[in-house]
S.K.: 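Structure in structure tokens, see below.
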Amino acid sequence: MSELKIFNSLSRTKEVFTPLTPGHVGMYVCGPTVSGESHLGHARPYVTFDVVFRYLQHLGYKVRYVRNITDAGHFEEEGKEAEDKISKKAVLEKLEPMELVHKYTNLFHWAMQRFNTLSPSIEPTATGHIVEQIGMIEKIIADGYAYEVNGSVYFDVKKYAANFDYGKLSGRVIDDLLETTRDLDGQEEKRDRADFALWKSAAPEHIMRWQSPWGVGFPGWHIECSAMATKYLGPRFDIHGGGMDLQFPHHESEIAQSTICNHEAPVRYWMHNNMITVDGKKMGKSYGNHITFTQLFSGDSPVLAKAYHPMVIRFFILQTHYRSTLDFSNEALQAAERGLKRLWEAYEHLQKLVRTGDSDNAGDAALDERVSGLIKEFEEFMNDDFSTAKILANMFELVPTINSMKDQTIATSALSAATFELLQNQMRVYLEDILGIQSVSEQDNGKLQAVMQLVMDIRREARGRKDFATSDKIRNQLQEIGILLKDEKNGEMSFTIS
RNA sequence: GGUCCUGUGGCCGAGUGGCUAGGCAGAGCUCUGCAAAAGCUCCUACAGCGGUUCGAAUCCGCUCGGGACCUCCA
């Protein structure tokens with residue numbers, strides 16, 4: 001059995017994964033900021049790390065997966081008017097900040113469920129951990145790596161860089177940073193331009209505010225992740241994930257804060273997913289090219305040719321390696337939609353197949369070997385830094401064989417009993433349990449099934465007496481309703497709801 | 001400007017120096033009362049120019065193109 005290898009952003013190489021505590025894995029992933037609705041770009045990390053979570057569990061690890069909810073509202077640290085994004089929007093919408101946060105948190109959870117992502121083990125909120133964040137800042141000040149100015153607290157990057165490797169994760173050189181940081185308001189408080197805020201004093205109109213040793217204010221934009229990761233996973237844990245765009249400054253700052261506070265580097269394996277792009281450009285709210293989940297699922301957007309099922313999005317994401325960019329287009333999504341349909345239907349047929357034959361041996365040794373070879377590669381691909389795209393490619397290579405067995409042009413006994421079972425079992429494990437793919441069609445309704453059975457029986461009778469006018473009428477009218485009837489090769493009928 | 005990534009067939013995308021990934025679209029055939037599916041076959045690409053090598057999409061250099069981060073950002 002091959003070992004799991006993970007590409008570690010810190011070393012920029014694939015490393016064999018060995019957890020800190022045998023049998024257990026601690027994983028932290030940067031979660032959503034719930035000041036607005038999440039969009040397609042956000043689906044990437046959550047699907048990616050859902051698969052990581054699922055696979056680690058499949059390998060037998062007990063995983064504690066922590067994904068935060070940022071509800072404190074990151075202020076624009078060096079913005080023209082240091083203000084809380086959430087509080088500003090709350091005024092516009094005439095809502096309480098927490099009402100807004102609640103609304104978007106619910107919307108996020110709803111979308112995550114539709115994407116069939118498993119719930120994290122712990123989903124801590126920033127506002128629920130103000131005490132921990134203040135505690136952490138106090139420790140950093142006590143160690144001399146942070147200073148207070150006018151009720152705000154800043155991290156002393158220059159001092160940190162003198163003793164530790166600031167920029168290691170993102171490949172940045174501290175001197176360059178000092179030169180390239182732009183001249184913005186609020187800089188005069190800092191001793192150095194590269195310093196970042198741990199705690200920010202709140203202006204009177206600022207709605208989200210907490211009492212602290214330095215006065216009324218709110219936490220800085222990196223400290224929440226450090227505080228919550230430390231609390232739930234310990235000072236040093238296995239995996240930290242997030243989007244590549246968070247590598248700097250967010251994750252770099254997390255390392256600095258935690259290193260000072262806990263006296264060791266917090267993360268062993270850093271994982272970063274790449275971006276979803278539109279016409280080659282990163283999808284993002286500020287670029288105005290983002291598509292929200294509700295738009296995606298309803299098709300309600302000028303850039304969408306139609307609505308897309310969440311499973312299509314999930315499949316679309318998994319067809320590319322997580323460290324590559326993924327370009328959005330209607331054409332690409334529709335290709336994914338058709339491909340998923342083909343794969344899923346073959347999969348469903350496979351699960352219904354029963355192997356028949358007198359011998360447990362393979363009737364077609366060459367085919368048997370090919371099939372078992374393709375299946376055994378699943379694990380190898382997954383262990384190679386989660387190459388989900390390759391697994392799906394192998395699954396597609398198995399589809400013709402599966403469909404031929406369904407159509408009885410290949411006997412089920414062409415495969416040995418062992419390979420046949422392996423095929424059924426591993427397809428289920430990898431497609432459903434690990435990749436987390438589900439049926440796209442509407443939930444099965446017992447009564448609908450019964451009605452359809454009746455309709456199909458009537459049509460079968462009509463065809464039996466060559467009454468094609470009736471049989472075609474049934475099929476055509478069902479198609480208008482959105483139900484596709486198919487005559488299978490063995491005389492059976494099946495239907496799919498589109 | 002600095003740091004880094006990237007350029008694959010009509011489109012999307014895997015690709016560890018040698019053995020045509022895969023999907024979608026397209027073409028032909030088979031099966032079918034007709035469809036729809038499905039099966040079989042075809043479509044053999046790696047930005048350009050050099051170099052290393054017996055051999056390069058894969059390594060190195062240069063040129064051109066695209067992008068990310070340096071500011072909130074998944």
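No hydrogens, no waters, no symmetry mates; every other heavy atom, side chains included, goes into these values. Proteins get letters first, then strands, A, B, ... in listed order; numbering begins at 1 in each.
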S.K.: Does B:rG33 have A:F468 stacked on its base, where the ring centres are within less than 5.5 Å and the planes differ by under 30°?
M.R.: yes
S.K.: Could you say whether A:A393 or A:D245 is positioned toward the 5' end of RNA chain B, judged by the nucleotide with the nearest heavy atom to each?
M.R.: A:A393
S.K.: A:F115 and ring pair (Phe, Tyr, Trp, His ring centres under 6.0 Å): which partner among A:F297, A:Y46, A:F49?
M.R.: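 Output: one option passes, namely A:F297.
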S.K.: Would you say the side chain of A:R323 and the base of B:rC5 hold a donor-acceptor pair, judged only by whether the two atoms sit under 3.5 Å apart?
M.R.: no
S.K.: Base, sugar-phosphate alone, or nothing: which one does A:R460 contact when heavy atoms must sit under 4.0 Å apart?
M.R.: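 Answer is nothing: A:R460 stays at 4.0 Å or more from every strand.
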S.K.: So what does A:G171 touch, heavy atoms closer than 4.0 Å: a base, only the sugar-phosphate, or nothing?
M.R.: sugar-phosphate
S.K.: Does the plane of the ring in A:Y347 sit parallel, tilted or perpendicular to the ring in A:W344? Use 30° and 60° as the thresholds.
M.R.: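 Aromatic pair A:Y347/A:W344 classed tilted.
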S.K.: Rounded at 0.5 Å granularity, tell me how far CG in A:L333 sits from CG in A:L340.
M.R.: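 Those atoms lie 11.5 Å apart.
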S.K.: Just to be sure I understand the rule, does A:Q334 reach a base, reach only the sugar-phosphate, or reach nothing, if contact means heavy atoms closer than 4.0 Å?
M.R.: nothing
S.K.: Between B:rC34 and A:D487, counting only base atoms on the nucleotide and side-chain atoms on the residue, is there a donor-acceptor pair under 3.5 Å?
M.R.: yes
S.K.: What is the separation between atom NE2 on A:H251 and atom P on B:rC73, rounded to the nearest whole Å?
M.R.: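 Whole-Å distance recorded here is 10 Å.
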S.K.: Let me know the distance between CD1 of A:I410 and P of B:rC31, rounded to the nearest Å.
M.R.: 18 Å
S.K.: With hydrogens left out and only the distance checked, is there a donor-acceptor pair under 3.5 Å joining A:K282's side chain and the base of B:rC73?
M.R.: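 For A:K282, whose side chain was compared with the base of B:rC73, there is a donor-acceptor pair (under 3.5 Å).
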S.K.: Has A:N273 got a side-chain N or O lying under 4.0 Å from the OP1 or OP2 atom of B:rA74?
M.R.: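 Answer is no, no contact under 4.0 Å.
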S.K.: When the distance from CE of A:M283 to P of B:rC73 is rounded to whole Å, what number comes out?
M.R.: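 After rounding, the reported distance stands at 18 Å.
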S.K.: Tell which nucleotide pairs with B:rC64, taking only Watson-Crick or G-U wobble pairs whose two distances are both under 3.5 angstrom.
M.R.: B:rG7
S.K.: Please measure how far the P atom in B:rU16 lies from the corresponding atom in B:rG39, and state the result in whole Å.
M.R.: 29 Å
S.K.: Does B:rC69 have a Watson-Crick or wobble partner in any strand here, with both distances under 3.5 angstrom, and which is it?
M.R.: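 Across any shown strand, B:rC69 pairs with B:rG2.
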S.K.: Roughly how far apart, to the nearest Å, are B:rU41 and B:rG7 at atom C1'?
M.R.: 32 Å
S.K.: Across the strands shown, which category fits A:L333 at heavy-atom distances under 4.0 angstrom: base, sugar-phosphate, nothing?
M.R.: nothing
S.K.: Just how far, in rounded Å, is P of B:rU32 from CD of A:E492?
M.R.: 17 Å
S.K.: Give none if B:rA25 has no partner; otherwise give the nucleotide forming a Watson-Crick or G-U wobble pair with it, both distances under 3.5 Å.
M.R.: none
S.K.: Quickly work out the A:F196 CZ to B:rC69 P distance and round it to whole Å.
M.R.: 20 Å
S.K.: If you compare every side-chain N and O of A:R342 against the phosphate oxygens of B:rC24 (OP1, OP2), does one of them come in below 4.0 Å?
M.R.: yes
S.K.: Name the closest nucleotide to the A:D472 side chain, picking from B:rC40, B:rC34, B:rA74.
M.R.: B:rC34
S.K.: For B:rU30, which nucleotide is its Watson-Crick or G-U wobble mate, given both distances must be under 3.5 Å?
M.R.: B:rA38
S.K.: Among A:N274, A:D385, A:V51, whose side-chain contact (heavy atoms from CB on, under 4.5 Å) with A:Y322 holds?
M.R.: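 Among the candidates, only A:D385 passes.
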S.K.: Measure the spacing between CD of A:Q113 and CZ of A:F108 and express it to the nearest 0.5 Å.
M.R.: 12.0 Å
S.K.: If you measure from the C1' atom in B:rG61 to the same atom in B:rA68, how many Å do you get, rounded?
M.R.: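 My reading of the C1' atoms in B:rG61 and B:rA68 gives 24 Å.
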S.K.: Give each protein N/O atom lying under 3.5 Å from an N/O atom of nucleotides 8-16 of chain B, with the pair distance.
M.R.:
| from | atom 1 | to | atom 2 | distance (Å) |
| --- | --- | --- | --- | --- |
| B:rC11 | O2' | A:E331 | OE1 | 3.3 |
| B:rG13 | OP1 | A:D327 | N | 3.0 |
| B:rA14 | OP1 | A:H321 | N | 3.1 |
| B:rA14 | OP1 | A:S324 | OG | 3.1 |

S.K.: Identify which nucleotide among B:rU71, B:rA38, B:rC69 has an atom closest to any side-chain atom of A:R172, counting heavy atoms from C-beta outward.
M.R.: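 In terms of side-chain proximity for A:R172, the closest of B:rU71, B:rA38, B:rC69 is B:rC69.
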S.K.: So what does A:T409 hit on the nucleic acid, given a heavy-atom distance under 4.0 Å: a base, only sugar-phosphate, or nothing?
M.R.: nothing
S.K.: Under the salt bridge (charged side-chain N to carboxylate O under 4.0 Å, His left out) rule, what do A:E488 and A:K406 come out as? Steps first, then yes or no, please.
M.R.: CA-CA 9 Å; A:E488 300 291 346; A:K406 181 207 70 173; 3.1 Å; yes
S.K.: Select base, sugar-phosphate, or nothing to describe what A:L340 touches, counting heavy atoms under 4.0 Å on all strands.
M.R.: nothing
S.K.: Looking only at the side chain of A:P400 (C-beta and beyond, no hydrogens), which of the listed nucleotides B:rG39, B:rC72, B:rC34 gets closest?
M.R.: B:rG39
S.K.: Closest approach to the side chain of A:F396, judged atom by atom: which nucleotide of B:rA36, B:rC69, B:rG23 is it?
M.R.: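 The answer is B:rG23.
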S.K.: Given atom NZ of A:K466 and atom P of B:rA35, what is their separation to the nearest angstrom?
M.R.: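 Result: 15 Å.
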S.K.: Can you tell me the pairing partner of B:rG55 across any strand shown, Watson-Crick or G-U wobble, with both distances under 3.5 angstrom?
M.R.: none
S.K.: Calculate the interatomic distance between A:W270 atom CH2 and B:rC4 atom C1'; express it in whole Å.
M.R.: 18 Å
S.K.: Is the gap between the ring centers of A:H272 and A:H251 under 6.0 Å?
M.R.: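 Judged by ring-centre distance (under 6.0 Å), A:H272 and A:H251 do meet the cut-off.
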S.K.: Relative to the ring of A:Y28, is the ring of A:H240 parallel (under 30°), tilted (30 to 60°) or perpendicular (over 60°)?
M.R.: tilted
S.K.: So if I take every side-chain heavy atom of A:K281 and compare against B:rA21, B:rA68, B:rG39, which nucleotide ends up nearest?
M.R.: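 Nearest nucleotide to the side chain: B:rA68.
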S.K.: Taking CG from A:N476 and C1' from B:rG33, how many angstroms apart are they, rounded to a whole number?
M.R.: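 About 14 Å, once rounded to whole Å.
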S.K.: I need the single residue from A:Q334, A:E337, A:Q295 that forms a side chain to side chain donor-acceptor pair (under 3.5 Å) with A:Y308. Which is it?
M.R.: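 The residue from A:Q334, A:E337, A:Q295 that satisfies side chain to side chain donor-acceptor pair (under 3.5 Å) with A:Y308 turns out to be A:Q334.
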S.K.: Under a 3.5 Å cutoff, is there a donor and acceptor pairing between the side chains of A:E15 and A:S11?
M.R.: yes
